[in-house]
Amino acid sequence: MHKAADASAAVARRYEGLRRLIRSPVAANPGVGAGAVERVHMASSLSELPDHKREVLFLAYYLDMTQPEVAGLLDLRLGTVKSRTRRGLRALARRLDAHA
């Protein structure tokens with residue numbers, strides 16, 4: 001039972017973190033194309049990250065994998081995946097702020 005609750009909480013935290021990242025003055029603009037511009041900024045900022053951070057974020061947010069799944073796929077310790085995710089999200093947030 002605890003594993004299911006932990007997995008649900010992890011998914012909720014992951015999506016909330018991503019939602020916070022994509023909030024910016026560009027995304028708040030109701031004008032046409034604002035969403036497309038934000039996606040371009042997101043993709044551009046993500047591509048600037050080091051490979052080890054980018055791959056963890058890609059697997060988690062684009063392929064919707066859990067952190068234990070990412071760890072297994074990449075043959076990494078779970079703590080390594082967690083720290084790369086946290087550091088990658090911080091680096092991505094800084095890059096998105098620089099684009100805003």
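When a residue number appears, it is its place in the shown sequence, counting from 1.
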Are the side chain of T80 and the backbone of L76 linked by a donor-acceptor contact shorter than 3.5 Å?
no

Can you check side chain to side chain contact (heavy atoms under 4.5 Å, CB included) on E69 and L63, steps first, answer last?
CA-CA 11 Å; E69 291 170 335; L63 299 184; over 6 Å; no

For a 4.5 angstrom cut-off between non-hydrogen side-chain atoms, does L92 reach K53?
no

Nearest 0.5 angstrom please: L59 CG to T85 OG1, how far?
9.5 Å

Is there a continuous path of hydrophobic side-chain contacts, each under 4.5 Å between heavy atoms, that joins L73 to L78?
no

Please examine the side chains of L74 and V81, heavy atoms only from C-beta on, and report whether any two atoms are closer than 4.5 Å.
no

Between the CZ atom in R84 and the CZ atom in R54, the distance rounded to the nearest 0.5 Å is 12.5 Å

Can you check side chain to side chain contact (heavy atoms under 4.5 Å, CB included) on Y61 and L89, steps first, answer last?
CA-CA 11 Å; Y61 294 105; L89 288 173; 3.3 Å; yes

